[in-house]
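Within every chain, numbering begins at 1; the chains are lettered A, B, ... in the order of the sequence lines, protein sequences first and strands thereafter. Only a predicted model underlies this, so the values are computations on that prediction, with no experimental measurement involved.
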Amino acid sequence: MGANNSYYITTPIYYVNDKPHIGHAYTTLACDVMARFKRLDGYDVHFLTGTDEHGQKVEKAAAAKGINPQKFTDDVSQNFRDLADKMGLSHDDFIRTTENRHKKSVQALWQRLLDAGDIYLGSYAGWYAIRDEAFYAESELTKNSDGKFIAPSGAETEWVEEESYFFKLSAWGDKLLKFYDDNPDFIMPKTRRNEVISFVKGGLRDLSISRTTFNWGVDVPNDEKHIMYVWLDALTNYLTAVGFPNENSDLYKKFWPADLHMVGKDIIRFHGVYWPAFLLAANLPTPKRVFAHGWWTNEGQKISKSLGNVIDPLELIHTYGLDQTRYFLLREVPFGKDGDFSRKAMAQRMNSELANDFGNLCQRSLSMVFKNCDEKIPTPAAFNDDDNKLLNDCQQLLPILRGHLDVQAFHKGLESIWKVIGAANRYVDAQAPWGLKKTNPERMTTVLYVLSDIIRQLAILTQPFMPISCGKILDQLEISADDRDFKNLSNSITSGISLTKPQGVFPRFIEDNQE
RNA sequence: CGCGGGAUGGAGCAGCCAGGUAGCUCGUCAGGCUCAUAACCUGAAGGUCGUUAGUUCAAAUCUAACUCCCGCAACCA
């Protein structure tokens with residue numbers, strides 16, 4: 001079992017043949033925020049992302065380029081590493097399914113399933129579309145002018161008959177239903193859980209887990225005709241990354257079972273059904289949660305390659321800034337639901353919530369400190385009720401945030417922080433420190449001290465969401481790197497520290513005429 | 001009758017489970033302040049809570065029917 005203060009979180013592995021898009025960025029970003037939050041909260045975190053590099057599509061794409069598949073995947077998996085870098089992601093490991101450690105791991109899991117009697121050799125036949133890597137029912141197909149059967153996606157299909165190994169998924173339905181029952185939070189949000197349960201109740205078919213028609217995959221142990229197919233290979237990466245099959249490795253003992261698999265809603269079934277079935281069959285501990293988030297639309301329109309409205313996360317970062325993009329994606333939509341990206345909404349949140357609310361709170365407060373307190377954090381007199389009320393609101397924030405992030409309610413977490421930001425802005429107006437300068441300088445000093453400390457706390461708490469900008473605020477307050485985690489929240493800021501001249505951290509967004 | 005979610009002021013949402021003055025954010029309008037990134041604060045206007053019927057002293061909240069939208073329906077971010 002994973003240790004109490006450990007936290008293992010994963011993104012799906014991304015299929016290298018895709019171009020990184022907002023869906024990938026979104027999933028990984030959510031994990032990054034969770035990982036950063038847990039680290040600041042004192043957990044030992046293992047944050048995994050990576051790429052899925054096998055399959056017929058990759059084999060064909062490589063052949064089309066005249067290079068071997070390994071070289072091809074080396075190149076394209078770099079796209080995902082680049083995205084991770086540009087998004088400032090804090091992953092601890094980047095796994096590739098073509099690595100040796102992974103091949104060993106999947107083969108070991110295969111062997112366990114075989115030994116347990118859950119894998120058998122059979123065969124199947126059906127209409128297969130290479131482009132989609134999918135089988136279709138005859139009823140779904142249409143005939144084109146050449147007499148070929150066309151899938152709903154438009155891809156040509158061919159009749160395929162093939163020997164294949166199967167996983168006895170059909171035997172696991174009742175056990176899975178009991179598992180969901182015993183672990184009500186295993187699949188979140190609830191609507192996805194209901195979907196999965198109703199799917200399982202509908203009866204499960206055995207799952208084809210090998211192929212003989214192409215070679216780019218992990219070899220099936222003791223049967224060189226076969227390679228493993230998709231989900232057994234892909235899902236097992238979560239085990240590989242913590243040292244499986246070595247169950248005595250430090251990583252494994254510390255981090256398995258995983259605390260959270262973050263996925264898009266499109267792959268909830270594989271994570272919610274196949275994965276626990278594999279693990280139960282192999283007699284391995286099951287992960288604690290699979291969270292399926294929603295999809296984005298672009299200006300109200302469904303995103304699709306054919307419409308050409310795919311959102312490039314790098315373009316967003318370039319236009320709006322990294323932290324701003326991170327903030328928007330996690331604040332705009334209740335996490336778990338579908339959401340819409342629009343330039344108007346983006347600019348709106350940037351200006352209103354980042355520049356006006358948070359940015360301006362920092363700027364107006366720290367400017368007054370800098371000008372009126374000898375460029376130092378002032379020494380306060382006794383706090384009055386107003387001061388204590390605000391400080392107390394801020395102290396309440398960490399437990400509130402924990403509650404929200406433990407159920408991946410990022411939007412609520414941010415909302416609760418922004419409530420305190422609002423309270424702080426009202427406090428500034430009510431106390432009007434600029435007026436106290438002549439009438440009661442000691443009181444002014446106290447108010448500015450309170451504000452400095454509030455800003456320190458707010459910046460510390462907001463770091464998981466916007467690490468760079470919060471880092472800048474903490475730099476301005478001369479908070480050392482060691483003093484930026486959550487256990488420092490209850491220590492007050494030290495009087496007498498010299499400040500650097502405050503500079504705006506969240507610029508307003510001015511819409512270009514173009515775009 | 002396949003399963004599930006949703007319809008609340010201009011926009012996006014909360015409230016519904018445990019019925020009893022309809023709340024939040026943005027936008028709009030008016031005022032205040034002047035420390036600050038034309039930022040901040042206060043107030044106002046604006047909704048017969050998808051339709052119809054029912055239960056009840058009382059329904060956005062419960063029941064029934066209906067309309068519309070959206071997910072899922074086997075191997076696809």
Is atom CD of Gln396(A) surrounded by more than 12 heavy atoms (other residues, nucleotides or ligands) closer than 6.0 Å?
yes
Counting neighbours of CG on Asp385(A) that are heavy atoms of other residues, nucleotides or ligands and sit closer than 6.0 Å, is the number greater than 12?
no
Looking at A77(B) and Trp295(A): do their rings stack (centroid distance under 5.5 Å, interplanar angle under 30°)?
yes
Select base, sugar-phosphate, or nothing to describe what [X] touches, counting heavy atoms under 4.0 Å on all strands.
X         : answer
Tyr26(A)  : nothing
Leu204(A) : base
Gly339(A) : nothing

Is there a side chain to side chain contact (heavy atoms under 4.5 Å, CB included) between Phe166(A) and Ile119(A) once you walk through the steps?
CA-CA 6 Å; Phe166(A) 286 84; Ile119(A) 289 179; over 6 Å; no
Base-pairing assignment for [N] (Watson-Crick or G-U wobble, both under 3.5 Å):
N      : value
A7(B)  : U67(B)
A30(B) : U42(B)
U37(B) : none
U48(B) : none
G20(B) : C57(B)

4.5 Å side-chain heavy-atom contact, Cys31(A) and Thr49(A)
no
Is the shortest side-chain heavy-atom distance between Tyr274(A) and Phe167(A) below 4.5 Å?
no
[atom1] atoms of [N] and [M], separation to the nearest Å:
N      : M      : atom1 : answer
C13(B) : G71(B) : P     : 15 Å
C68(B) : G23(B) : C1'   : 26 Å
G4(B)  : U8(B)  : P     : 22 Å

Point-to-point distance, once rounded to the nearest 0.5 Å, from CD1 of Ile187(A) to CZ of Phe179(A)
8.0 Å
Please report the interatomic distance NZ(Lys178(A)) to CG(Leu280(A)), rounded to the nearest 0.5 Å.
10.5 Å
Given the side-chain rings of Phe358(A) and Phe506(A), with only the six-membered ring counted for Trp, is the space between their centroids under 6.0 Å?
yes
Pick out the pairs of N or O atoms, protein on one side and nucleotides 11-18 of chain B on the other, that lie under 3.5 Å.
residue, atom, partner, partner atom, Å
A14(B), OP1, Lys337(A), NZ, 3.2

May I ask you to verify if any side-chain N or O of Arg193(A) is less than 4.0 angstrom from the OP1 or OP2 atom of G4(B)?
no
For a quick test of reading the model, state the closest non-hydrogen atom pair linking Glu163(A) to His226(A) and the distance between them.
OE2-NE2, 2.8 Å
Strictly under 3.5 Å: I want the nitrogen or oxygen pairs between protein and nucleotides 29-31 of chain B, one per line.
none

How would you summarise protein contacts on nucleotides 32-43 of chain B per nucleotide, using B for base, S for sugar-phosphate only and - for none, with heavy-atom distances below 4.0 Å?
BSSBBB-SBSS-
From His271(A), Arg269(A), Arg192(A), His293(A), residue fulfilling side chain to side chain contact (heavy atoms under 4.5 Å, CB included) relative to Val263(A)
His271(A)
Using the side-chain heavy atoms of Ser198(A), tell me which of these nucleotides is nearest: C3(B), A77(B), U25(B).
C3(B)
